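Nothing fancy with the numbering, it's 1 onward along the sequence. Predicted model only: the values in this text are computed from it and were never measured. Only heavy atoms go into these numbers, but all of them, side chains included; no hydrogens, no water, no symmetry mates.
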Amino acid sequence: LPETQDRQMVTGAMDCEVRHHTITDAGDVHTRVYNCHANRVKDVEIEHGNPHLFWSAGEDGKICQFDARLPSASGSHVLIDLRKDPAAGRGAEVKSVSVCPQRPH
């Protein structure tokens with residue numbers, strides 16, 4: 001994550017979890033797990049200059065937003081769920097997500 005001196009990173013994988021890893025000064029790694037997706041996580045995106053917010057895209061049709069300042073249980077919410085949109089259909093998947101650097105909000 002930006003502005004963290006390379007001591008924090010976020011990952012997503014086939015286990016449907018988004019993980020926020022923090023490396024302490026002692027070299028220990030603390031991991032916070034977010035369970036926002038019901039299928040594989042395909043992409044994780046950050047906002048340059050913001051160490052708190054990040055987003056994920058999943059094969060379950062969801063785009064989720066995470067706030068590292070909040071506890072993992074309340075630190076995520078679904079921004080978009082394509083499977084709830086009749087036009088997209090039940091098999092809709094999201095393969096990537098991108099944040100516009102000029103207008104991140």
Side-chain angles (χ1 to χ4, degrees):
L1 288 170
E3 310 297 325
T4 65
Q5 291 79 43
D6 293 331
R7 293 193 172 265
Q8 294 184 38
M9 67 182 216
V10 290
T11 61
M14 292 177 62
D15 63 2
C16 309
E17 296 175 344
V18 174
R19 296 173 185 251
H20 174 220
H21 309 278
T22 303
I23 303 170
T24 67
D25 289 335
D28 298 323
V29 177
H30 297 282
T31 302
R32 183 184 298 179
V33 178
Y34 298 92
N35 295 300
C36 181
H37 293 282
N39 206 332
R40 293 185 282 200
V41 177
K42 296 302 283 187
D43 192 19
V44 177
E45 180 67 37
I46 61 164
E47 176 188 342
H48 293 283
N50 186 339
H52 307 295
L53 298 178
F54 49 97
W55 296 264
S56 65
E59 288 186 349
D60 57 0
K62 294 178 187 174
I63 296 177
C64 299
Q65 177 177 295
F66 305 89
D67 190 334
R69 297 169 290 194
L70 300 174
S72 54
S74 62
S76 68
H77 71 277
V78 178
L79 292 178
I80 297 171
D81 188 345
L82 291 178
R83 294 189 178 180
K84 291 186 178 180
D85 180 355
R90 298 186 76 191
E93 298 180 354
V94 181
K95 299 293 187 178
S96 66
V97 61
S98 182
V99 175
C100 176
Q102 288 80 23
R103 296 184 57 144
H105 304 327

What are the two closest non-hydrogen atoms of W55 and Q65, and how far apart are they?
NE1-OE1, 3.0 Å

What is the minimum heavy-atom distance between T4 and P51, and which atoms define it?
CG2-CB, 3.8 Å

Distance, nearest 0.5 Å, that separates CG of D28 from OG1 of T22
11.5 Å

So do V94 and K42 actually touch side chain to side chain, heavy atoms under 4.5 Å?
no

Do the non-hydrogen side-chain atoms of Y34 and S56 ever get within less than 4.5 Å of each other?
no

When you look at H20 and M9, which way does the side chain to side chain contact (heavy atoms under 4.5 Å, CB included) test go after all the steps?
CA-CA 6 Å; H20 174 220; M9 67 182 216; over 6 Å; no

Rounded to the nearest 0.5 Å, what separation is found between the CD1 atom of I63 and the NE2 atom of H77?
11.5 Å

The single option from N39, L82, D81, V78 that satisfies side chain to side chain contact (heavy atoms under 4.5 Å, CB included) with D60 is N39

In one Ile/Leu/Val/Met/Phe/Trp/Tyr side-chain cluster, 4.5 Å: I80, L53
yes

In the structure I gave you, are the side-chain heavy atoms of E93 and K62 within less than 4.5 Å of one another anywhere?
no

Under 3.5 Å, is there a donor-acceptor pair between the T24 and H30 side chains?
no

Side chain to side chain contact (heavy atoms under 4.5 Å, CB included) assessment of D25 paired with R7
CA-CA 9 Å; D25 289 335; R7 293 193 172 265; 3.6 Å; yes

Do you know the tightest heavy-atom contact between V41 and G12?
CG1-CA, 3.8 Å

When rounded to the nearest 0.5 angstrom, what distance separates CD in Q5 from CD1 in I23?
12.0 Å

Do E17 and N35 make a side-chain contact, defined as non-hydrogen atoms from C-beta onward lying under 4.5 Å apart?
yes

Minimal heavy-atom distance between P2 and E47, with the atoms involved, is CG-O, 3.4 Å

4.5 Å side-chain heavy-atom contact, F54 and V18:
yes

Taking the side chain as every heavy atom from C-beta outward, state whether R32 and H21 have any atom pair closer than 4.5 Å.
no

